[in-house]
Peer 1: 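I have a structure here, written as structure tokens, and I will follow up with some questions on it.
Given the structure is predicted, the values throughout are model-derived calculations rather than measurements.
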Amino acid sequence: VNGYFPGLNFKDVLIQITDYLECSATFRTPADRCQFICEHFSESNESLFIVVHSIDGVALRNEKVQGYLSALARCKNIHMIASSDHINVPTMWDGSRLAQFNWLWQEIHTLSNYTEETSYENSILVHQTGKLVYTALVHVMESLTRNGKGIFKVLAQAEVQRDSNSTAPGMAFQDLFSHCKEAFLVSSDQALRAQLTEFLDHKLVKSKKGQDGVEYLALAVEKQIVERYLSTLEED
């Protein structure tokens, strides 16, 4: 969980966990989903390890998200490892919440620059001209999961192969879902939307409703950059 990424939506993190559990239930609120996760691991022999980078990051700092995190941390068979950026991070929690987290504190300085953490302050993907930078694309790809990279590859290949005379503004969401499901990259449309949210936040992808009312997705990346990226994958 990258707390330093300002576009992070913790609801998507919860969705990814329930998707991993192959849960088909519907939840009215993130709190309901969080409770299901806690109950599942408390009653099973499975363990869940959650690694949180920058637990005091802008995306995780609000009271509600900290409530979800502490609820998960106190559950049986759920283990949480977190880093913080600010020396006064303990003041973010009251005594009750600190007891829920039950941290074992270790002072471990990496002495590394905050290159990754600050790279999102101003969209790392665009120049002043608004065009995507190849090196920034690679940087974002390296931070994605294997499935996330796979989903982007499906979109990228569709973009490159799309007929220039095509009137469709991109790849239909349902077509993308079908391709990704066949490739075992996602098991539900919710999981796909969670990944697409990250693409949209990074300005990698544009979403648009067509005249037929269908949702289409297209890469907000110059075709030459997409082709260059795909060629490096083939070389690997």
Side-chain angles (χ1 to χ4, degrees), residues 1-2 4-19 26-30 33 58-59 65 119-230 233:
V1 181
N2 293 328
Y4 51 76
F5 177 47
L8 174 69
N9 185 340
F10 196 74
K11 176 183 176 183
D12 296 334
V13 176
L14 298 174
I15 289 174
Q16 288 182 352
I17 296 173
T18 52
D19 185 62
T26 56
F27 303 94
R28 292 194 312 112
T29 66
R33 190 180 295 271
V58 63
V65 172
S119 61
Y120 300 97
E121 289 184 352
N122 299 306
S123 176
I124 65 169
L125 293 176
V126 288
H127 279 306
Q128 291 179 348
T129 59
K131 293 182 179 178
L132 190 73
V133 185
Y134 174 75
T135 52
L137 171 61
V138 173
H139 180 72
V140 172
M141 288 297 107
E142 288 175 348
S143 71
L144 295 178
T145 63
R146 183 187 67 82
N147 287 3
K149 293 174 184 175
I151 294 168
F152 182 83
K153 184 179 178 182
V154 172
L155 263 176
Q157 289 174 331
E159 190 79 11
V160 169
Q161 296 168 5
R162 188 153 59 101
D163 189 341
S164 59
N165 296 322
S166 173
T167 57
M171 188 176 192
F173 175 83
Q174 284 302 324
D175 290 342
L176 176 61
F177 176 63
S178 296
H179 279 79
C180 291
K181 191 172 183 180
E182 287 175 10
F184 301 102
L185 297 171
V186 295
S187 58
S188 68
D189 60 354
Q190 282 185 319
L192 178 57
R193 289 195 182 280
Q195 184 60 65
L196 289 175
T197 297
E198 188 168 359
F199 292 164
L200 291 165
D201 289 337
H202 280 304
K203 296 182 172 60
L204 278 173
V205 171
K206 294 183 292 186
S207 175
K208 183 179 180 181
K209 280 284 182 70
Q211 293 181 348
D212 52 1
V214 174
E215 179 184 2
Y216 289 94
L217 297 152
L219 295 184
V221 185
E222 291 182 348
K223 189 174 181 179
Q224 296 90 331
I225 292 178
V226 176
E227 291 173 339
R228 181 181 171 188
Y229 175 72
L230 289 175
L233 293 182

Peer 1: Side chains of Val1 and Gln16, heavy atoms from C-beta outward: is any pair under 4.5 Å?
Peer 2: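 No. Closest side-chain heavy atoms not under 4.5 Å.
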
Peer 1: Would you mind reporting whether Leu144 and Phe199 have side-chain heavy atoms less than 4.5 Å apart?
Peer 2: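 In contact.
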
Peer 1: Would you mind writing out the side-chain donor-acceptor pairs for residues 209-217 within the sub-3.5 Å range, not counting sequence neighbours?
Peer 2:
from, atom 1, to, atom 2, distance (Å)
Asp212, OD1, Val214, N, 3.1
Asp212, OD2, Tyr216, OH, 2.8
Glu215, OE1, Arg193, NH1, 3.2
Glu215, OE1, Arg193, NH2, 3.1
Glu215, OE2, Ser207, OG, 3.1

Peer 1: If you take all heavy atoms of Lys206 and Ala220, which pair is closest and at what distance?
Peer 2: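 Where Lys206 meets Ala220 most closely, the heavy atoms are CG-CB, 3.7 Å.
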
Peer 1: Does the side-chain contact (heavy atoms from CB on, under 4.5 Å) test come out yes or no for Glu198 and Val140, once each step is laid out?
Peer 2: CA-CA 10 Å; Glu198 188 168 359; Val140 172; 5.6 Å; no

Peer 1: Given Ile225, which of Lys223, Glu227, Glu222 fulfils the side-chain contact (heavy atoms from CB on, under 4.5 Å) condition?
Peer 2: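 Passing option: Glu222.
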
Peer 1: How long is the gap from CG on Leu137 to CZ on Phe152, to the nearest 0.5 Å?
Peer 2: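 Output value for this atom pair is 5.0 Å.
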
Peer 1: I need the Phe27 CZ to Leu14 CG distance, nearest 0.5 Å.
Peer 2: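 So the CZ of Phe27 and the CG of Leu14 are separated by 9.5 Å.
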
Peer 1: To the nearest 0.5 Å, how far apart are CG in Leu196 and CG in Leu204?
Peer 2: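 Rounded to the nearest 0.5 Å, the CG-CG separation comes out at 10.5 Å.
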
Peer 1: Quick one: closest heavy-atom pair of Ile15 and Ala191, and the distance?
Peer 2: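 Of all heavy-atom pairs spanning Ile15 and Ala191, the closest is CG2-N, 4.3 Å.
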
Peer 1: Distance-only check: which donor-acceptor pairs under 3.5 Å involve side-chain atoms of residues 169-185, not counting sequence neighbours?
Peer 2:
from, atom 1, to, atom 2, distance (Å)
Ser178, OG, Gln174, O, 2.9
His179, ND1, Asp175, O, 2.8

Peer 1: So, do Lys153 and Lys149 sit near enough that their side-chain heavy atoms are less than 4.5 Å apart?
Peer 2: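 The answer is no; the side chains never approach within 4.5 Å.
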
Peer 1: If you compare all heavy atoms of Asp19 against all heavy atoms of Ser188, which two are closest, and at what distance to 0.1 Å?
Peer 2: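 Minimum heavy-atom contact is OD1-OG, 3.1 Å.
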
Peer 1: Nearest 0.5 angstrom please: Ile151 CD1 to Arg146 CZ, how far?
Peer 2: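 Rounded to the nearest 0.5 Å, the CD1-CZ separation comes out at 10.0 Å.
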
Peer 1: Rounded to the nearest 0.5 Å, what separates atom CD1 in Ile17 from atom CG in Asp12?
Peer 2: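 Rounded to the nearest 0.5 Å, the CD1-CG separation comes out at 11.5 Å.
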
